[in-house]
Amino acid sequence: MLFSEEENTIQIAPDAYLLKGFLLGHSQGLLKDLNLVLKANPLRHMKTPSGYHMSVAMTNCGDWGWVTDEQGYRYSQRDPVTNLPWLSMPAIFRQLATSAANSVGFDGFKPDACLVNRYAIGAKLSLHQDKDEADYSHPIVSFSLGLPALFDFGGITRDAAKQAIHLEHGDVVVWGGQSRLNYYGIRRIKAGTHPLLGPYRFNLTFRRTQN
Ligand code: SIN
């Protein structure tokens, strides 16, 4: 890992960065708008194409939302639960995601989708690549809130060596360019209580899904 002068921007791979504590100072604003998103588009455990319910509860905001069911993985402009468009992406989400991307050289990132993941204790996200977007030239920006997690960041093949990165409340990971299609996942969340989010980890992942 390479540290920047400020020691809070850590390069974890080519074109991939951990921004330690980037969101600290914005928790109240983020959580206030997160509550609005959860009211409009409730969390749900989606089904994978092979019929399993995911342990992570998910919802979305923005123009496009990521969904999965028996028909496969895809982006949809409507929430299949409410049959309405997803709530617009709150300005504080968009601004912080764009500014995190800019801070490591991905200028002009304009996310059109924000996937909200809620991890209860024991929930995990298996190793996978993000390949449902139209154009891989845009980075992925991922916010961590609440309980800590171990983020496995691998390489372009499933069996490539992985780094286990400790993510805490306020951290952001940005990856794109040479690392855009790297495999990654979240290990099972360990028991704990966060002062703001109790027994949960929330993750907001920002993507540009359309050209
Ligand atoms: C995701 O990319 O959907 C989740 C990543 C995370 O929880 O940190």
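Positions are given from 1 along the sequence.
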- Message: Check this for me: does any side-chain nitrogen of one of K47 and E70 sit under 4.0 Å from a carboxylate oxygen of the other?
- Response: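 A salt bridge links K47 with E70.
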- Task: Look at R74 together with D69 and state whether they make a salt bridge at an N to O cut-off of under 4.0 Å.
- Result: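 Salt bridge flag = yes for D69 with R74.
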Parallel, tilted or perpendicular: which fits the ring planes of [X] and [Y], with parallel below 30° and perpendicular above 60°?
X	Y	value
Y184	W175	perpendicular
F206	F143	tilted
W66	Y73	parallel

Counting N and O atoms only, with roles assigned by atom type, does the side chain of [X] sit under 3.5 Å from a partner on the main chain of [Y], one being a donor and the other an acceptor?
X	Y	answer
S179	P14	yes
D171	G21	yes
R180	D130	yes
R44	M58	yes
R94	G62	no
R207	A113	no
R158	A160	no

- Message: When you compare the side chain of H194 with that of H169, does any pair of heavy atoms fall below 4.5 Å?
- Response: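 Side-chain contact under 4.5 Å: yes.
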- Pairwise side-chain contact, I165 with L167, heavy-atom cut-off 4.5 Å (strictly under):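 Sidechains of L167 and I165: in contact.
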- Minimum heavy-atom distance K131-Y136, with the two atoms named: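 Distance-wise, the nearest heavy atoms are O-OH, 3.2 Å.
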- Query: Same cluster for V56 and I140 if Ile/Leu/Val/Met/Phe/Trp/Tyr side chains link at under 4.5 Å?
  - Reply: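 V56 and I140: one cluster.
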- Item | D112 and T209 side chains, donor-acceptor separation under 3.5 Å |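 Their side chains do contain a donor-acceptor pair, which is all the 3.5 Å distance test asks for.
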- Among K124, Q163, R187, find the residue that satisfies the side-chain hydrogen bond (donor to acceptor under 3.5 Å, both in side chains) test when tested with D152. R187
